[in-house]
*Asks:* 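Mind having a look at this structure? Questions to follow.
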Protein chains: 2
Amino acid sequence: MPVIRQSLGEVVYDRLLSAILSGQLVGGNELSEVTIADQFGVSRTPVREALNRLAGDGLIENGRNRRAIVRTVTREMVVEIYQVRQCLESGAARLAAGRMNSAELARLDAISAAVRPDGIAIDQNQALAFDAELHGSIARHCGNRRLAEEVRRYTNFVPIFQRLAGRRDDRLLLAYEQHLTIIDALRAGDAEQAAAAMTHHIQSALVVLLDDVFPEAPQSA
Amino acid sequence: MPVIRQSLGEVVYDRLLSAILSGQLVGGNELSEVTIADQFGVSRTPVREALNRLAGDGLIENGRNRRAIVRTVTREMVVEIYQVRQCLESGAARLAAGRMNSAELARLDAISAAVRPDGIAIDQNQALAFDAELHGSIARHCGNRRLAEEVRRYTNFVPIFQRLAGRRDDRLLLAYEQHLTIIDALRAGDAEQAAAAMTHHIQSALVVLLDDVFPEAPQSA
DNA sequence: GGGTTGTTTTTTGTATACAGTTGACAGTAT
DNA sequence: ATACTGTCAACTGTATACAAAAAACAACCC
């Protein structure tokens, strides 16, 4: 019954993505197309589309006989994802530094102000919204739509990880201050400073995430 | 008749990719699934797979009623691709600097030596092979398989562009010297130097490519 | 008993059939 | 003549049918 707003392939993709990153679908699991199709009540066609996209995201690998196998979400995988984000988003910030107009900067300032309405306490929802808005704004204003798209692909992973890590005021505050540093660099038009601040911000987010989700040896990244 | 080494979807993808980047398929063109299927003598299924992958590569966009439209290969698109490569590959070089062992460095040295067998003239084929080998080696030794995969995705574009740009000894020589600089940095374990050298190398390749393929105003990147 | 080979079952790759939506065109009414 | 409407054609999304390959299992030979 194709009364499509979001195609079935996208639905299956979204649900599988969430299931893998949140740990419901554990690594090493073999994903049979027919099994998934039955579970979702759809045919193999949209399932294949979803699996292809997941393979493109590097979340499933092709085992023997091209069978889809869920890649384990390990500490290493998270590090890899955040390192790629670091490459992409610091590059985007470097490009955006010279291109972001004052209207957009003012808009970010306004959203920023809502994070600490009384100047002291932090509004957790606003803080997360600000984070998403800042990263998105930088991507949109880097002058490279392709780079923006790559950033967006990796941004898909972030909310799920954020949910895994939980919210803590001290960490949100730390991230908030990093956000302000990034905006300062953007406003100053300092490309290298913007890139460095973004690199530091993402590195910091990685450490927090690892601490919460993979509390093993302190770090190695 | 599935006697598949390379699936039909991959064949269609490869040929369409090449056709788009080389300009045989011009931008704005609407790609009907049935038309392409007929042209290649296959059914719509592998064509859909190929189109999905091309959409993932940002080479086609979804027009009205989700119809696939070839994106025009403009100067701007090439700039965008090379900027993303710059982000990814300089990051890979930064990571690889500390991780590349002496055996791999020796292997690269050997390939390097074959580029100028008599120490003066340059072997064009060997030079291109060395280029591919160096970029691939850095990706493989950056310690981040995901980043390596992203690099590889973008490396698919390169040979087609290289063919468009043609070969000239002076340019190959320039690139060769940049390669040596990169290897020096890797050998020294100087991450920042390696990243900077890679950035410069890709930037240089972009300028050459633009000069040849889009000989408009000198540059703006 | 172990290894090899033939068969069966499962799974993927591909083709085709069907349903629903959208754009185009023609015809009619104003 | 123009605007509206109904029909049609083309296209995509989805489901299903079919073919080939591979893995699992069993039987057989040594």
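Chain letters run A, B, ... following the sequence lines, proteins first and then strands; every chain starts at 1. Computed from heavy atoms alone, side chains included, the values below leave out hydrogens, waters and symmetry copies. None of these values were measured; they are calculated from a predicted model.
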*Asks:* Which residues pass the ring-ring contact (aromatic ring centres under 6.0 Å, His included) test with B:Phe130, sequence neighbours left out?
*Replies:*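 For B:Phe130, the residues satisfying ring-ring contact (aromatic ring centres under 6.0 Å, His included) (neighbours in sequence not counted) are B:Tyr176, B:His179.
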*Asks:* If I take atom CD in residue B:Glu10 and atom P in nucleotide C:dG13, what distance separates them, rounded to the nearest angstrom?
*Replies:*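 That distance rounds to 9 Å.
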*Asks:* Grab the CG-P distance between A:Leu31 and C:dT11 for me, whole Å please.
*Replies:*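 Going from CG in A:Leu31 over to P in C:dT11 covers 12 Å.
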*Asks:* Report the distance from atom CD of A:Glu33 to atom P of D:dT16, rounded to the nearest whole Å.
*Replies:*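 Going from CD in A:Glu33 over to P in D:dT16 covers 15 Å.
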*Asks:* Can you run down the salt bridge (charged side-chain N to carboxylate O under 4.0 Å, His left out) pairs that involve residues 124-138 of chain A, sequence neighbours left out, and say none if there aren't any?
*Replies:*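 Qualifying pairs, neighbours excluded: A:Arg107-A:Glu133, A:Glu133-A:Arg140.
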*Asks:* Is there any salt bridge (charged side-chain N to carboxylate O under 4.0 Å, His left out) pair reaching into residues 82-91 of chain B, and which pairs are they, with sequence neighbours excluded?
*Replies:*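 For residues 82-91 of chain B: B:Arg85-B:Glu89.
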*Asks:* Contact list please: residues 35-60 of chain B against DNA chain D, heavy atoms, distance less than 4.0 Å, in numerical order.
*Replies:*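 Going residue by residue through residues 35-60 of chain B, the ones with a heavy atom under 4.0 Å of DNA chain D turn out to be B:Arg44, B:Arg48.
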*Asks:* Please give me the minimum heavy-atom distance between A:Val79 and A:Leu206, naming the atom from each residue.
*Replies:*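 Shortest heavy-atom separation between A:Val79 and A:Leu206 comes out as CA-CD1, 4.0 Å.
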*Asks:* List the residues meeting ring-ring contact (aromatic ring centres under 6.0 Å, His included) with B:Phe161, not counting sequence neighbours, and say none if there are none.
*Replies:*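 Partners of B:Phe161 under the ring-ring contact (aromatic ring centres under 6.0 Å, His included) test: none.
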*Asks:* Between B:Gln6 (CD) and D:dA20 (P), how many Å, whole number?
*Replies:*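 About 20 Å, once rounded to whole Å.
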*Asks:* Enumerate the ring-ring contact (aromatic ring centres under 6.0 Å, His included) contacts for residues 10-48 of chain A, please, sequence neighbours excluded, ordered by first and then second residue.
*Replies:*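 Sorted pair list comes back empty.
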*Asks:* In this structure, how many angstroms lie between the P atom of C:dA19 and the CG atom of A:Leu8, rounded?
*Replies:*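 Atom-to-atom, A:Leu8 to C:dA19, this comes out as 16 Å.
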*Asks:* Based on the rotation axes of five pairs at each end, what angle does the helix from C:dG1-D:dC30 to C:dT30-D:dA1 bend through, to 10°?
*Replies:*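 Both end axes considered, the difference amounts to 10°.
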*Asks:* Rounded to whole angstrom units, what separation is found between the CZ atom of A:Arg67 and the C1' atom of D:dA21?
*Replies:*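 Atom CZ in A:Arg67 sits about 11 Å away from atom C1' in D:dA21.
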*Asks:* Specify the separation, in whole Å, of atom CD of B:Glu30 and atom P of D:dA9.
*Replies:*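 To the nearest whole Å, that distance equals 20 Å.
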*Asks:* Side chains of residues 15-28 of chain B: which donor-acceptor pairs under 3.5 Å do they make with residues two or more places apart or in other chains?
*Replies:*
from, atom 1, to, atom 2, distance (Å)
B:Ser22, OG, B:Ser18, O, 2.7

*Asks:* Could you note down all residue pairs passing side chain to side chain donor-acceptor pair (under 3.5 Å) where residues 36-45 of chain B supplies at least one of them, sequence neighbours left out?
*Replies:*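 Listed by first then second residue: B:Glu33-B:Arg44.
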